[in-house]
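Okay, so here's the structure we're looking at.
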Amino acid sequence: MQTRRSFLKGVAVTAAGIAAPMIVPSKVLGAEAPSNRITVGMIGVGRQARYANLPQLLAVPDAQVVAVCDVDSWRVEQAKVLVEEAYAKHAGTPYSGCATFGDFRELLARDDIDAVMISTPDHWHVPAGIAAAKAGKHFSCEKPLSTCVAHGRMLCEAAKKAGVVTRTDSEFRSLRVMQQAVECVRNGRIGKLQRIHSNSPEDTKPVGNPEAMPVPAELNYDLWLGPAKDAPYTEQRVHAPHVLKERPGWLRISDYTNGMIANWGSHLNDIVQWAHNSDRTGPVSVQGTGQFSEGLWDTIVDFDATYEYADGVVLNYTMGGDPSIRFEGSDGWVSVKYPETIEASAPEILNEPLGAGELNLKDTLSDKADFIHAIKIGGETLEPLEVGHRTVSLCQIGLIAIQCGRRLRWDPDKERFPDDEEANAKLDREMRGDWAKWT
């Protein structure tokens, strides 16, 4: 854990650049001593942060959210209010100790911040994560970790070099039904694993090519684009102004994301590889078919991908219907459907007590508590970057196989397609301007 340089008395810099004293009463978080708390900065406070990541971090007793940052100043102010109201309610006294930033680099420069939660659009995960690592900040990053395999590897290597604690922010490893499915497979309840089927829900309908619009006053659009190529602003490209609940348009645009094949796949196929005990490697071949939408929202909207692992296990990953995973073995099957349904071919598969030495995940912490706990003990989280990278890279090579229209061999150690330069060229993406040098 980083040395605590400053906590009770720091300097909060507002979005307007005005310094203000940051006084945090010890009763804000109850009995947990201030010196034992992990101070957290939020990078990106849009829909996912506002309704999932930020409230969950505010509920962790040994964490203290001290700063929020976003390129949208309206969202920054909304997040600041949420933080200060939550801590004031807990303490029973007014509280105003949350700093605000419009540029994540200024947040990372703060000495009194131990860790950051990165909840930006996907194309920002790698630059923000590498910057956090270079600043010596522990970080949890929203999934999917990257938009291409090469960038994901860069992120993993930067974190490893810096020696910071990392977590891929997916809650699936903390869901009991997912854990139970993994226990059943890893503990041999269905015999020898043979085949897996994971299924992603359908995406929303595409839109055409809306005309360019004036950039809202509260949005730093150039910084929002960041490493992505220059493009005219339209609301459907970014997010609706002064709205938090709607899914943002960038989730369907290939310049900023890989689409649902990686978005849901980073949840589902993490559990697939966890159960298969291959979450730090990958398959050896992939092939698939799919369709892409046209216009501004141009991500893949239908797919059927098949992967083969070195041990002969086959994964079939499809789109359509409920998010689910089915594991088939020589002695039965177990199936799990998000968020809380689990079934098996026989009752004993689910009901047989866990024996000594078997994998037991019942005491697993929630995703945010896991991150904070790992920082405090100097250990590894349940889903470090290497695991999250291997999950999204599985989705990304499936996308590449569909784009190429043929079966591809994959070397999970080298993270390359042997003797296939067309496919290998799709493993990397260019970054706009100086962002590549900056990372």
Side-chain angles (χ1 to χ4, degrees), residues 40-60 63 65 67-83 86 101 104 107 115-129 132 139-147 155 166-175 200-201 203-204 219 223-224 226 228 235-253 256-268 270 299 323 338-339 366-372 381 383 385 388 391-392 395:
V40 180
M42 302 291 298
I43 299 178
V45 287
R47 171 176 171 265
Q48 185 66 16
R50 176 64 177 80
Y51 292 104
N53 299 339
L54 183 51
Q56 290 175 32
L57 278 166
L58 291 173
V60 177
V65 177
V68 294
C69 175
D70 201 283
V71 296
D72 185 320
S73 60
W74 179 83
R75 291 184 166 195
V76 169
E77 291 307 313
Q78 295 296 308
K80 174 183 172 67
V81 169
L82 176 65
V83 171
F101 296 92
F104 71 94
L107 182 151
V116 293
M117 173 73 243
I118 300 171
S119 307
T120 63
D122 298 354
H123 70 292
W124 262 114
H125 291 170
V126 169
F139 66 95
S140 181
C141 185
E142 260 297 335
K143 57 81 204 163
L145 282 182
S146 70
T147 56
L155 181 62
T166 64
R167 196 184 198 285
T168 307
D169 198 74
S170 168
E171 74 274 16
F172 271 39
R173 290 201 176 201
S174 299
L175 298 178
S200 162
D203 200 1
T204 50
L219 178 66
L223 189 55
W224 184 91
E235 181 179 308
Q236 288 90 342
R237 182 183 299 279
V238 187
H239 57 253
H242 300 183
V243 173
L244 285 169
K245 290 187 177 182
E246 293 181 2
R247 291 183 67 224
W250 64 261
L251 273 171
R252 296 92 155 186
I253 302 174
Y256 320 115
T257 182
N258 299 131
M260 290 300 106
I261 194 170
N263 195 312
W264 268 103
S266 290
H267 283 312
L268 298 163
D270 172 54
T299 51
Y338 176 81
S366 68
D367 50 323
K368 303 302 185 294
D370 172 56
F371 175 51
I372 299 302
T381 63
E383 192 174 355
L385 287 193
T391 298
V392 70
C395 303

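Residues take their numbers from the sequence shown, with the count starting at 1. Just the heavy atoms: all of them, side chains too, but no hydrogens, waters or symmetry mates, feed the values below.
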Checklist entry - Just wondering, do F101 and M42 contact through their side chains at under 4.5 Å, heavy atoms? => result no
Item to check | Residues that H239 engages under ring-ring contact (aromatic ring centres under 6.0 Å, His included), provided they are two or more places apart | outcome: none
Checklist outcome for this item: The single option from T391, N263, T168 that satisfies side-chain hydrogen bond (donor to acceptor under 3.5 Å, both in side chains) with K143 is N263
Checklist entry - So, does H123 use its side chain to make a donor-acceptor pair with the main chain of W224 at under 3.5 Å? => result yes
Checklist entry - Among all residues two or more places apart in sequence or in another chain, which pass the side-chain contact (heavy atoms from CB on, under 4.5 Å) test with A79? => result V45, L54, V68
Checklist outcome for this item: For S146 and N258 the tightest heavy-atom approach is O-OD1, 3.7 Å
Next on the checklist: Given 3.5 Å as the limit, does a donor-acceptor pair link the side chain of R47 with the main chain of K245, or not?
Outcome noted: yes
Next on the checklist: For a quick test of reading the model, state the closest non-hydrogen atom pair linking A63 to L57 and the distance between them.
Outcome noted: CB-O, 4.2 Å
Item to check | Any residue meeting side-chain contact (heavy atoms from CB on, under 4.5 Å) with Q56, in chain and number order, not counting sequence neighbours | outcome: A52, D367, K368
Item to check | Counterpart residues, side-chain contact (heavy atoms from CB on, under 4.5 Å), relative to P201 (two or more places apart) | outcome: W264, P323
Next on the checklist: Can you see whether S119 engages N53 through a side-chain donor-acceptor pair at a distance of less than 3.5 angstrom?
Outcome noted: yes
Item to check | Rounded distance (nearest 0.5 Å) linking atom CG of L219 with atom CG of D70 | outcome: 8.5 Å
Only distances under 3.5 Å count here; give the side-chain donor-acceptor pairs of residues 246-253 to other protein atoms, sequence neighbours excluded, each with its distance to 0.1 Å.
from	atom 1	to	atom 2	distance (Å)
R247	NH1	D203	OD1	3.3
R252	NE	T204	OG1	2.8
R252	NH1	R247	O	3.3
R252	NH1	P248	O	2.9
R252	NH2	T204	OG1	2.9

Next on the checklist: Among residues at least two apart in sequence or on other chains, which ones pass side-chain contact (heavy atoms from CB on, under 4.5 Å) with C141?
Outcome noted: I118, H125, F139, L145
Next on the checklist: Ring-plane angle category for Y338 and F172, please: parallel below 30°, perpendicular beyond 60°, tilted otherwise.
Outcome noted: parallel
Item to check | Atom of A262, atom of C395 and distance for their closest heavy-atom approach | outcome: CA-CB, 3.9 Å
Checklist entry - Is it true that a side-chain atom of T381 and a backbone atom of T166 form a donor plus acceptor pair closer than 3.5 Å? => result yes
Checklist outcome for this item: R75 and A240 have their tightest heavy-atom pair at NH2-O, 4.4 Å
Item to check | Test log, rule side chain to side chain contact (heavy atoms under 4.5 Å, CB included), inputs T120 and Y256 | outcome: CA-CA 11 Å; T120 63; Y256 320 115; over 6 Å; no
Checklist entry - Any side-chain heavy-atom pair from L244 and W74 closer than 4.5 angstrom? => result yes
Item to check | Worked check of side chain to side chain contact (heavy atoms under 4.5 Å, CB included) between E383 and F371 | outcome: CA-CA 9 Å; E383 192 174 355; F371 175 51; over 6 Å; no
